[in-house]
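Please read the structure below before turning to the comments.
Predicted, not measured: the structure shown is a model, and the values here were computed from it.
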Amino acid sequence: MKHFYRISMILLSFIMAFVAVGCSSSNGNEEGTTSNEENGTENKADTASDEDFPTTVENAGRDLIFDEPPERVVALYQQEAELMVALGLEHKLVGYSIVAENTPPEYEEKLEDVPVLAENSYPSKEVLLGVDPDFVIGSERTFTDNGAGTVEEFDDLNIAAYVTESEKPETIENMVYKEIKEIAQIFGVEERGEKLIRSMQEEMDEITSQIGDVDEPVKVLLMSGGDAGSAQVSGGYALDNYLIELAGGENIFADEDKYLFEVNWEEIIDRDPDVIVTSYCCGTGPEDLEKMIAGNASLEDVTAVENDNYVAAQVEDTTGNVRVIQGLETLAEGFYPELFDEE
């Protein structure tokens, strides 16, 4: 069970690289009228105009220049496809990969007709190029020889490659909101991006206000895998860590300037978490992690284990993009259920 495959490691190690190219357009700048009220993006007349272009996004030491908005987009993670939907840009998608579980209905419906290029991995170069994209969104790990292809390869093909990034440590502002702003700018729909961010911020404020000031935060272990000798946990650089703090918790490994790393079980015993967040994805369920913990006799006196205090959180909900508020809510309700009980 060592090293459960975890999309969050991919997302939390994002370093954005941009290719300085102009993107071709097949039919001008007209965009459809859509509505996504749940995400605060009522997309009516705020479509791209000539005044929005050319536009330049600077990141990771390179400028990515657009003379017009991209028209054929491949999202190398479902989370990126969901962001396109939240911005009312689903009609631009020609494919996505790495399908996530438990897709929220508002995204699932809009993605029904978008081709899945690969279920559990990145598409091959042949498959990706076969849909003739002019814009590809992915992480640093996707843009490699062993992945979808290098940024330089896409540059040579006149395909803009957007590689997400954040500062260290990661926060909703410097990771999620940053990407929303940049994608909205690239597609000339900045007003939609602003509306989406406002909506998410309002939801976040509502959740944190219910928690209020916490005198003694619960001690939290977030783990995504492990084996008989060690566990895979989140450190202080991870977005998970930021969400844990927002939810009124204290990550027991917040002092480690890392994203996802391994520790031996003795360290977990010494730090004695009150709550264990089981972070799951890719066909592995939270029950698998709980079963592994229960089978480790040395953990029976850990407070969280003794009290059977587990919170299941899907990776996609706590590692970035438009589901992140859902992740925050899951953590907050798990840490302080008494504050969220319906009257």
Side-chain angles (χ1 to χ4, degrees), residues 16-36 39 41-77 79-96 110-111 113-115 117 123 125 128-139 142-143 148-165 177-197 321-322:
M16 186 173 287
F18 283 88
V19 182
V21 296
C23 297
S24 62
S25 172
S26 61
N27 59 0
N29 294 328
E30 281 286 321
E31 296 188 9
T33 299
T34 61
S35 177
N36 192 344
N39 288 299
T41 56
E42 287 188 351
N43 305 319
K44 295 181 180 177
D46 59 327
T47 55
S49 69
D50 291 341
E51 295 179 358
D52 297 318
F53 296 91
T55 190
T56 302
V57 176
E58 180 183 354
N59 194 278
R62 69 168 69 215
D63 289 339
L64 189 57
I65 303 170
F66 294 88
D67 294 324
E68 54 193 356
E71 290 295 332
R72 299 182 62 82
V73 180
V74 169
L76 294 174
Y77 299 98
Q79 292 98 311
E80 310 303 342
E82 290 176 1
L83 172 56
M84 293 290 289
V85 171
L87 289 172
L89 298 169
E90 64 272 10
H91 59 290
K92 302 269 192 177
L93 287 167
V94 295
Y96 71 99
K110 298 290 180 65
L111 291 175
D113 296 327
V114 180
L117 305 183
K125 296 175 185 178
L128 194 156
L129 295 178
V131 297
D132 191 27
D134 60 6
F135 186 78
V136 180
I137 313 175
S139 74
T142 63
F143 293 112
T150 66
V151 169
E152 291 74 19
E153 287 177 306
F154 285 108
D155 190 7
D156 290 340
L157 293 168
N158 201 34
I159 300 171
Y162 178 100
V163 191
T164 57
E165 72 164 6
Y177 293 170
K178 179 179 186 291
E179 182 179 355
I180 292 172
K181 289 177 182 178
E182 291 179 344
I183 295 296
Q185 177 185 343
I186 288 168
F187 286 88
V189 291
E190 292 179 84
E191 184 178 339
R192 299 185 197 178
E194 292 169 2
K195 288 180 181 179
L196 177 57
I197 290 171
N321 223 304
V322 289

**Prompt:** About how many Å separate CG of Asp63 and OG1 of Thr56, when rounded to the nearest 0.5 Å?
**Reply:** 6.0 Å
**Message:** One thing to verify: whether Glu82 and Lys110 come together as a salt bridge, which I'm taking to mean a side-chain N less than 4.0 angstrom from a carboxylate O.
**Reply:** no
**Asked** Which heavy atom in Gly188 sits nearest to a heavy atom in Asp52, and how many Å separate them?
**Response** O-OD2, 3.5 Å
**Message:** Determine whether Thr55 and Ile186 satisfy the following criterion, side-chain contact (heavy atoms from CB on, under 4.5 Å), listing intermediate values before the conclusion.
**Reply:** CA-CA 7 Å; Thr55 190; Ile186 288 168; 5.5 Å; no
**Asked** side-chain contact (heavy atoms from CB on, under 4.5 Å) with Tyr77: which of Leu83, Thr142, Ile137, Asn321?
**Response** Thr142
**Request:** List the atom of Gly193, the atom of Ala184, and the distance in Å for their closest heavy-atom pair.
**Result:** CA-CB, 3.9 Å
**Message:** Under a 3.5 Å cutoff, is there a donor and acceptor pairing between the side chains of Thr164 and Glu179?
**Reply:** no
**Item:** Validation row: Pro123, Leu76 side chains within 4.5 angstrom (heavy atoms)
**Value:** yes
**Prompt:** Just wondering, do Leu111 and Leu93 contact through their side chains at under 4.5 Å, heavy atoms?
**Reply:** yes
**Complete:** For Ala75 and Ala81 the tightest heavy-atom approach is CB-N, 3.5 Å
**Item:** Val73 vs Pro133 side-chain heavy atoms within contact, under 4.5 Å
**Value:** no
**Prompt:** Is any side-chain N of the basic residue among Lys125 and Glu153 closer than 4.0 Å to the acidic one's carboxylate O?
**Reply:** yes
**Pairwise side-chain contact, Leu157 with Leu129, heavy-atom cut-off 4.5 Å (strictly under)** = yes
**Item:** Pairing residues for Tyr96 by the ring pair (Phe, Tyr, Trp, His ring centres under 6.0 Å) criterion, not counting sequence neighbours
**Value:** none
**Message:** Keeping Asp134 on the side-chain end and Glu71 on the backbone end, is there a donor-acceptor pair under 3.5 Å?
**Reply:** yes
**Prompt:** Does the side chain of Pro69 reach to within under 4.5 Å of the side chain of Lys92, using non-hydrogen atoms?
**Reply:** yes
**Prompt:** Is the closest side-chain heavy-atom distance between Leu117 and Val74 below 4.5 Å?
**Reply:** yes
**Prompt:** Between atom NZ of Lys178 and atom CD1 of Ile197, what is the distance when rounded to the nearest 0.5 Å?
**Reply:** 12.0 Å
**Closest approach of Phe154 to Ala148 (non-hydrogen atoms, all atoms of both residues)** = CZ-O, 3.6 Å
**Prompt:** Can a donor-acceptor pair be found between the side chains of Glu80 and Tyr162 at a distance below 3.5 Å?
**Reply:** no
**Asked** Is the side chain of Arg72 donor-acceptor paired with the backbone N or O of Val94 at a distance under 3.5 Å, no angle test?
**Response** no
**Prompt:** Mind checking whether Phe53 and Phe66 have ring centres under 6.0 Å apart?
**Reply:** no
**Request:** Without swapping roles, check the side chain of Glu68 against the backbone of Phe187 for a donor-acceptor pair under 3.5 Å.
**Result:** no
**Prompt:** Charged N to carboxylate O under 4.0 angstrom, Glu190 versus Lys181?
**Reply:** no
**Message:** For Pro54, is there any backbone N or O sitting under 3.5 Å from a side-chain donor or acceptor partner on Asp67?
**Reply:** no
**Request:** Find out whether Thr150 and Phe143 are in side-chain contact, i.e. whether some heavy atom of one side chain is under 4.5 Å from a heavy atom of the other.
**Result:** no
